[in-house]
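Beneath this line is the structure, given in structure tokens, with notes to follow.
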There are 2 protein chains.
Amino acid sequence: MTALKTTRDTPSVSVEASREKFQAYLSEQGLRVTNQRLAIFDAAHAQKEHFTAEELLEKARQIDDSVSRATVYRTLPIMTESHLLREVDIGSGEKYYLAATTGGSQVAQVVCVDCDKISEISAPFMEWYGSTVSLKLGLKPVSQRLQVSAQCIAFRSTGRCPNRTKKK
Amino acid sequence: MTALKTTRDTPSVSVEASREKFQAYLSEQGLRVTNQRLAIFDAAHAQKEHFTAEELLEKARQIDDSVSRATVYRTLPIMTESHLLREVDIGSGEKYYLAATTGGSQVAQVVCVDCDKISEISAPFMEWYGSTVSLKLGLKPVSQRLQVSAQCIAFRSTGRCPNRTKKK
DNA sequence: CTTAATGCAAAGGTTTTGCAGAGCA
DNA sequence: TGCTCTGCAAAACCTTTGCATTAAG
């Protein structure tokens with residue numbers, strides 16, 4: 001499966017708008033707008049669920065097969081620093097990412113204990129609690145993250161998650 | 001600095017009590033009580049701040065210099081599963097640990113953005129929010145974690161943390 | 001043209017694992 | 001004595017980096 005041309009020429013409106021933000025960010029920072037960066041960006045924003053760097057590489061290559069693993073890893077921090085992508089580390093060894101189209105920093109992650117599937121949910125109280133907790137220690141809060149481990153629906157009924165790939 | 005004998009023969013009362021819990025847990029699970037496991041346990045419970053696997057190896061070797069890195073890594077999950085140790089992943093590449101002498105699962109971590117120093121603080125509201133958020137998604141909550149990024153006192157005054165070792 | 005960005009492959013750091021020998025129950 | 005646990009070293013794993021080449025501005 002190499003270099004398939006997808007419907008990249010007519011991305012959805014929201015993706016289009018986000019991409020403009022990304023290009024604007026790159027220019028502001030004096031960074032170059034390359035085909036690889038755009039392919040990686042588009043691939044990331046076409047995902048509906050959280051993805052890993054490796055999965056992103058695969059998707060990006062379906063758009064532009066010249067994209068390398070190194071460039072994916074070099075582009076991820078750019079996208080997270082521009083707040084167009086959210087990084088989620090659930091402690092499973094690899095990091096997960098999701099396009100930050102909604103919620104800003106006010107989202108909690110709920111992770112299935114069996115299959116590691118991540119759900120996000122609005123948690124507007126988080127920022128207030130982050131401040132409360134920080135200030136109790138005399139520190140200045142920067143950001144906060146609430147991660148909840150839970151049993152997903154499939155696990156509760158069948159005792160095993162359908163999309164589980166863990167070695168454990 | 002190899003195999004220094006410390007004051008291991010007279011550990012504090014609380015450490016002593018915890019160690020008994022650990023031995024009981026091992027026996028219950030049909031696991032063996034070995035000198036290495038006890039040394040690792042004692043080393044872990046002698047720390048006042050969060051530590052890494054590598055740091056734990058060094059401390060454990062001061063108690064019993066036969067302790068190997070492999071055994072440390074094999075013992076860590078046993079101690080976390082017995083709830084005598086708390087694992088904290090702040091997304092820095094290596095995991096941190098701390099003896100779970102207080103707070104149970106009702107603690108939030110506040111991490112300095114510059115030096116990665118971790119402070120813990122009681123956060124009794126967390127469990128309630130974990131439940132709320134999980135149930136909104138129809139999931140059964142298991143545990144929750146609130147991690148706050150903040151600027152520590154030293155960073156605010158000098159612009160740099162004293163104990164910083166990050167490459168970044 | 002000038003310089004940043006890229007691909008490749010090797011290196012990096014942390015954690016895991018196979019195996020033969022050691023030691024607890 | 002049987003079977004778990006251990007140390008050692010190699011491997012696995014994700015991520016980063018050096019270098020020659022490519023391409024954006």
Side-chain angles (χ1 to χ4, degrees), chain A residues 2-3 22-41 43 50-58 60-61 63-81 85 87-97 116 165-168, chain B residues 2-3 22-41 43 50-58 60-61 63-81 85 87-97 116 165-168:
Chain A
T2 54
F22 184 54
Q23 295 191 41
Y25 178 83
L26 290 175
S27 299
E28 283 168 22
Q29 302 293 314
L31 301 171
R32 291 178 179 173
V33 178
T34 66
N35 284 333
Q36 289 90 341
R37 282 175 177 165
L38 291 179
I40 293 167
F41 180 87
H50 292 74
F51 52 87
T52 64
E54 198 62 29
E55 290 164 355
L56 180 57
L57 171 63
E58 192 192 326
R61 279 182 166 163
I63 297 172
D64 179 343
D65 70 349
S66 79
V67 171
S68 72
R69 182 170 289 104
T71 299
V72 167
Y73 277 105
R74 283 190 273 236
T75 303
L76 282 170
I78 297 175
M79 295 195 294
T80 55
E81 280 158 25
L85 198 67
E87 182 185 276
V88 181
D89 189 330
I90 62 169
S92 67
E94 54 197 352
K95 288 177 179 163
Y96 288 86
Y97 300 89
D116 278 355
T165 53
K166 292 169 82 170
K167 35 262 158 183
K168 159 181 153 187
Chain B
T2 52
F22 183 53
Q23 294 192 40
Y25 178 83
L26 289 174
S27 299
E28 284 168 22
Q29 302 293 314
L31 301 171
R32 291 181 178 169
V33 179
T34 67
N35 284 333
Q36 288 90 343
R37 282 176 177 164
L38 290 179
I40 292 166
F41 179 87
H50 292 74
F51 52 87
T52 64
E54 197 63 28
E55 288 165 355
L56 179 57
L57 170 64
E58 190 192 327
R61 278 183 167 162
I63 297 172
D64 180 344
D65 69 349
S66 78
V67 171
S68 71
R69 183 171 286 104
T71 298
V72 167
Y73 277 106
R74 284 189 273 236
T75 302
L76 281 169
I78 296 176
M79 295 196 294
T80 55
E81 279 156 28
L85 197 68
E87 182 185 277
V88 181
D89 189 331
I90 63 170
S92 68
E94 55 196 352
K95 287 177 179 163
Y96 288 86
Y97 300 88
D116 279 356
T165 53
K166 292 169 82 171
K167 35 263 160 182
K168 162 181 156 188

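Proteins come first, then strands; the chains are lettered A, B, ... in the order of their sequence lines, and each starts at number 1.
Residue B:Arg74 is in base contact, counting any heavy-atom pair closer than 4.0 Å across all strands shown.
Not a single donor-acceptor pair under 3.5 Å links the side chain of A:Arg69 to the backbone N or O of A:Leu57.
Taking the side chain of A:Val33 as heavy atoms from C-beta on, and the options C:dA5, D:dT15, D:dG25, the nearest nucleotide is D:dG25. If you check C:dT6, D:dC8, D:dT17 against the side chain of B:Arg61, the one that comes closest is D:dC8. In the set D:dA24, C:dT15, C:dA5, D:dA24 carries the atom at the smallest distance from any side-chain atom of A:Asn35.
Rounded to whole Å, atom C1' of C:dG13 lies 14 Å from atom CG of B:Asp89. Across the protein-nucleic acid pair, B:Gln36 atom CD and C:dA22 atom P stand 13 Å apart, rounded to whole Å. In this structure, B:Gln23 places its CD atom 13 Å from P of C:dC24, rounding to the nearest Å. Here C:dT3 presents its P atom at 17 Å from CG of A:Leu31, a figure rounded to the nearest Å. What separates CG of B:Leu38 from C1' of C:dG23 is a distance of 14 Å, to the nearest Å. If you take CG of B:Leu56 and P of C:dT14, they are 15 Å apart, rounded to a whole angstrom. Taking atom NZ of residue B:Lys95 and atom P of nucleotide D:dC13, one finds them 15 Å apart after rounding to whole Å. Counting to the nearest Å, the P atom of C:dT3 and the CG atom of A:Leu26 are 20 Å from each other.
Between B:Arg69 and A:Gly93, the one whose closest nucleotide on DNA chain D sits nearer the 5' end is B:Arg69. Toward the 5′ end of DNA chain C lies the nearest nucleotide of B:Glu54, the other residue of the pair B:Ser27 and B:Glu54 mapping further downstream.
Contact of A:Arg32 with C:dT3 (side chain to base): a donor-acceptor pair of N or O atoms is detected under 3.5 Å.
When all heavy atoms are compared, the tightest approach of A:Asp89 to B:Gly91 is OD2-CA, 3.2 Å. Taking each heavy atom of A:Arg37 and A:Phe22 in turn, the nearest pair found is O-CE2, 3.7 Å. Smallest separation of non-hydrogen atoms from B:Ala39 and B:Ile63: O-CD1, 3.7 Å.
Taking 4.0 angstrom as the limit, A:Tyr73 places none of its side-chain polar atoms (N or O) nearer than this to OP1 or OP2 of D:dT16. Using a 4.0 Å cut-off, no side-chain N or O of A:Thr34 falls inside it from OP1 or OP2 of D:dA23. The phosphate of D:dA24 has neither OP1 nor OP2 within less than 4.0 Å of any side-chain N or O from A:Arg37.
Between B:Ile78 and B:Leu26, the closest side-chain pair of non-hydrogen atoms falls below 4.5 Å.
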